[in-house]
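Data first, discussion second: the structure below is written as structure tokens.
Every chain is numbered from 1, with letters handed out A, B, ... down the list of sequences.
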Amino acid sequence: MPDILAELNPAQRQAVVAPPGPLLILAGPGSGKTRVIAHRVAYLIQARGVSPRRIMAVTFTNKAAREMKERLNRLLGPTALELTVGTFHAICARILRQDGAALGLDRSFVIYDDDEQRGLVKESLVDLGLDPKQHSPGAVLGAISAAKSQLMEVEDFRRRHAQDYFQEVVGRVYERYQERLRESKALDFDDLLMGAVQLFQRHPPVLARYQERYQHLLVDEFQDTNLAQYALARLLAGGHRHICVVGDPDQSIYSWRSADIRNILSFERDFPGAQVVYLEQNYRSTQTVLQAAHAVIAKNKERKEKQLWTENAAGPPIMMVEAYDEKEEAQWVALEVERLLSQEKGGQCAVMYRTNAQSRPLEEAFLHLGLPYQLVGGTRFYERREVRDVVAYLRLAHNPYDSASLARVLNVPPRGIGAKTIEDVSRLARQRELPLYAALQLAAAEDVGLSAAARQRLGGFLELLHRLMAAAKELAPLALLNLALERTAYRQYLVESEPGRPGEERWENLLELRGVAEEYGEMGPGVGLEAFLERVALHSDTDELGEKPERVTLITLHQAKGLEFPAVFIVGLEEGILPHSRSFDDPAQMEEERRLFYVGMTRAQERLYLVRAFRRRYLGASTPRLPSRYLADIPALLTITPRERGRAAERPAAPAALAAYRAGEKVRHAQFGDGIVVAAQPARDDLEVTIAFKGQPGVRKFLASLAQLEKTG
DNA sequence: TTCCCGCGGATTTTT
DNA sequence: TCCGCGGGAA
């Protein structure tokens, strides 16, 4: 047996060596799923003689892709470089650059991010004579994005939503929006996925080529796939059916981004004969954390029961904290973090919350105590104004039809091209149905009603642009970036518009961007620029989340997925915050809120703190708050309060009394009343008791440690 | 053209 | 409470 199997548990091994047909791995938190994927890849290569060139592994985040690559590198050495490992979006972008011509796509398309998409929606609304105030561009964009995620093109969408007024508006905007993207030679994130699917559906020979090339497909975080991603996976695996998907429905927290939990449920239907493997041994958390998390998630109705277990110690009880308000909450957390650090107990700590707004008092508390922290989220590097400006110049050097970038920098730094001139040129573009770039050239070259001064300024801008375009063909990304900075006198602009530290800070961000550009110096001018721009476009915030020891991580629950910390604080455990009030009226969304809490809890390795405030300032007003309903689901046996900690030393969480239930025994349950034990099965450090209750049909199953049972006979 | 004030809206955001 | 945007004045 190859040594890659040596360090795996039986279930993991089963998943790794399963024959290359369809395989569904249901993996609980901390059960080693990344390791299983990596080892399966290694096994395919080493034991089954599959060429690494024929394997594709897909993830959702760049970070996950990077971690996968690192793991495979350790396992396989240089061979790993021949594998295709990447995010859905990155892989689709590559496919479309390679073969998108069949769909009429230009190889040098740009990728529009959220802001640019929203801007484009807004312009599309205006084009249609609609008021962006009445139809929030964000909401319209959301609907368009959802449509694309479900592979609904404009015509489908309009046909299906003819009656509903809002959807009818969305349909019209969708159409215009796509036109505008096309003009700009741009794709949005959803287009990358939908485009790849369309390419494969409409051009079977292209699909056949990819199916032939990639004989083995592995997909991570499968519970987060949307329909487009699932369709893509099915197409790629259509011939050989060598598809392995890994996921955990209990950790599905992105349905609002069109992730569809049904994909994981229909997998067995779409791939008949699929093998299913459960990874239930947890290597991350203490028994206490796991039991509490299970007690919470078990309340969801729409789920497949998994029985997580661990060989880890029981660990300290879960600390339940009630503070007076959000300030005291933050203060308590900060003091506790300080205490953990001083005792070297905590290692890394993370504070998790439902909404970004909750980070503020926490930051203040940490600042006050002088404890270093890192805030995940907030203004991201690539969203900073100065970074976007400069990136826009580089994008234009690559593709001048990119209207969003064009509009962004036309008068940045200010060069006297004001709103009036921009409006004139935009109108020209609309009237003659020209891309902005073409309209600009026309307005500069011919008399179309602009003043001589305006024409001259436009000419000056175009000259700059053409200079950069020419340079893009010859210079490395860094040199091109330097040229852009120099020609636009961008530093001067920064320092003058925001004298003192702000301007300098912005300049330092650009120096950092130069560092990134430098990495793409050896690829040759055009290719290097393309790769650099793609990196910038598909970049995300958690990518850079390094292990900075001694630094508390402040993070939303959503962003915390996939991470782990020795000590975790979840704050704001109040009705209306978690679960969030926006979810109250929708049962499906309420189940997702619960999963979100479950995800947060299962990030903890050793210590878990569940913190709430009695009253909280929210949207300005301070109001009293009720404890989150989830807190009541956690067995009191597993918890402790700060006051109790003063008295008791940390007691083991698993009660000794759970050992003895046998079939035939009479018991009483706090909620269900009298019953008789039908079966009792050891479930690793616990006992699963099956009970039939008097006067009730069927049986119910409990974990002895959690159920409030009492022997009556 | 640019700057400043007032109003409205505020969940989460893998790419 | 705080941020971003649009409209009006300098």
Side-chain angles (χ1 to χ4, degrees), chain A residues 58-65 86-93 111-115 117-119 122 131-133 136-139 141-142 145 148-149 187-193 220-226 228-229 251-259 326 352-358 360-361 376-380 382-383 385 411 414-423 453-454 457 497 534-543 545 555-563 572 576-584 589 592-593 595-597 599-600 616-622:
Chain A
V58 194
T59 63
F60 275 83
T61 64
N62 294 308
K63 183 162 177 266
T87 64
F88 269 107
H89 291 87
I91 286 174
C92 287
I111 300 166
Y112 275 6
D113 69 18
D114 272 356
D115 271 9
Q117 290 172 39
R118 194 164 313 126
K122 204 167 152 189
D131 182 1
K133 273 184 183 165
S136 125
L141 179 61
S145 169
K148 290 185 180 181
S149 303
L187 299 184
D188 67 17
F189 291 133
D190 303 304
D191 287 335
L192 294 174
L193 304 173
D220 194 10
E221 302 280 18
F222 193 66
Q223 77 281 351
D224 289 336
T225 47
N226 60 33
Q229 289 160 329
Q251 293 184 69
S252 160
I253 53 173
Y254 282 103
S255 74
W256 51 277
R257 289 212 45 159
S258 303
E326 76 282 353
M352 304 177 183
Y353 35 81
R354 177 68 235 257
T355 68
N356 283 119
Q358 290 171 258
R360 201 190 184 94
V376 184
T379 320
R380 298 152 203 216
Y382 288 102
E383 284 175 14
R385 199 190 72 209
N411 196 33
R415 48 175 73 90
I417 304 177
K420 168 80 164 60
T421 311
I422 293 175
E423 179 46 41
R457 288 180 192 131
S497 60
E534 192 128 314
R535 146 101 172 249
V536 172
L538 298 180
H539 176 278
S540 86
D541 199 44
T542 32
D543 290 354
L545 185 58
I555 193 168
T556 64
L557 286 161
H558 280 92
Q559 288 181 307
K561 200 182 68 168
L563 305 179
I577 304 270
L578 188 68
H580 197 274
S581 49
R582 284 275 182 119
S583 303
F584 280 166
Q589 276 193 59
E592 184 148 317
E593 295 286 314
R595 291 195 290 270
L596 190 55
F597 183 45
V599 165
R616 177 178 304 271
R617 186 174 282 279
Y618 188 64
L619 265 46
S622 175

Rounded to whole angstroms, how far apart are [atom1] on [X] and [atom2] on [N]?
{"X": "A:Leu193", "N": "B:dT14", "atom1": "CG", "atom2": "P", "value": "15 Å"}
{"X": "A:Gln358", "N": "B:dT11", "atom1": "CD", "atom2": "C1'", "value": "10 Å"}
{"X": "A:Arg616", "N": "B:dA10", "atom1": "CZ", "atom2": "P", "value": "20 Å"}
{"X": "A:Phe222", "N": "B:dT14", "atom1": "CZ", "atom2": "C1'", "value": "16 Å"}
{"X": "A:Arg617", "N": "B:dA10", "atom1": "CZ", "atom2": "C1'", "value": "16 Å"}
{"X": "A:Leu557", "N": "B:dT14", "atom1": "CG", "atom2": "P", "value": "14 Å"}
{"X": "A:Asn356", "N": "B:dT13", "atom1": "CG", "atom2": "P", "value": "5 Å"}
{"X": "A:Tyr112", "N": "B:dT13", "atom1": "OH", "atom2": "P", "value": "25 Å"}

Given DNA chain B, 5'-ward residue of the pair A:Tyr618 and A:Thr421, judged by closest heavy atom: A:Thr421
Assign each of A:Arg415 and A:Lys561 the nucleotide of DNA chain B bearing its closest heavy atom; nearer the 5' end lies the nucleotide of A:Arg415
Side chain of [X], heavy atoms from C-beta onward: which of [options] has the nearest atom to it?
{"X": "A:Pro414", "options": "B:dT2, C:dC2, B:dT11", "answer": "B:dT2"}
{"X": "A:Lys133", "options": "C:dG6, B:dT12, B:dT14", "answer": "C:dG6"}
{"X": "A:His558", "options": "B:dT12, B:dT11, C:dC3", "answer": "B:dT12"}

Test side-chain contact (heavy atoms from CB on, under 4.5 Å) applied to A:Ile111 and A:Leu538, step by step: CA-CA 8 Å; A:Ile111 300 166; A:Leu538 298 180; 4.2 Å; yes
Should A:Trp256 be counted as stacked on B:dT11, where stacking needs a ring-centre gap under 5.5 Å and an angle between planes under 30 degrees? no
Counting only side-chain nitrogens and oxygens, does [X] get under 4.0 Å of the OP1 or OP2 atom of [N]?
{"X": "A:Thr556", "N": "B:dT13", "value": "yes"}
{"X": "A:Lys122", "N": "C:dG6", "value": "yes"}
{"X": "A:Arg257", "N": "B:dT13", "value": "no"}
{"X": "A:Gln559", "N": "B:dT13", "value": "yes"}
{"X": "A:Arg354", "N": "B:dT12", "value": "no"}

Using a 4.0 Å heavy-atom cut-off across all strands, classify [X] as base, sugar-phosphate, or nothing.
{"X": "A:Asn411", "answer": "sugar-phosphate"}
{"X": "A:Ile422", "answer": "nothing"}
{"X": "A:Gln229", "answer": "nothing"}
{"X": "A:Gly562", "answer": "nothing"}

Derivation of the side-chain contact (heavy atoms from CB on, under 4.5 Å) call for A:Thr421 and A:Asn411: CA-CA 10 Å; A:Thr421 311; A:Asn411 196 33; over 6 Å; no
Can you tell me how far the CZ atom of A:Phe88 sits from the CD atom of A:Gln229, to the nearest 0.5 Å? 5.0 Å
Test A:Ser145 against every option in A:Asp190, A:Asp114, A:Asn226, A:Asp188 by the side chain to side chain donor-acceptor pair (under 3.5 Å) rule and name the one that passes. A:Asp190
Regarding A:Gln223 and A:Ser252, is there a side-chain donor-to-acceptor distance under 3.5 Å anywhere? no
Under 4.0 Å between a side-chain nitrogen and a carboxylate oxygen: does that hold for A:Arg360 and A:Glu326? no
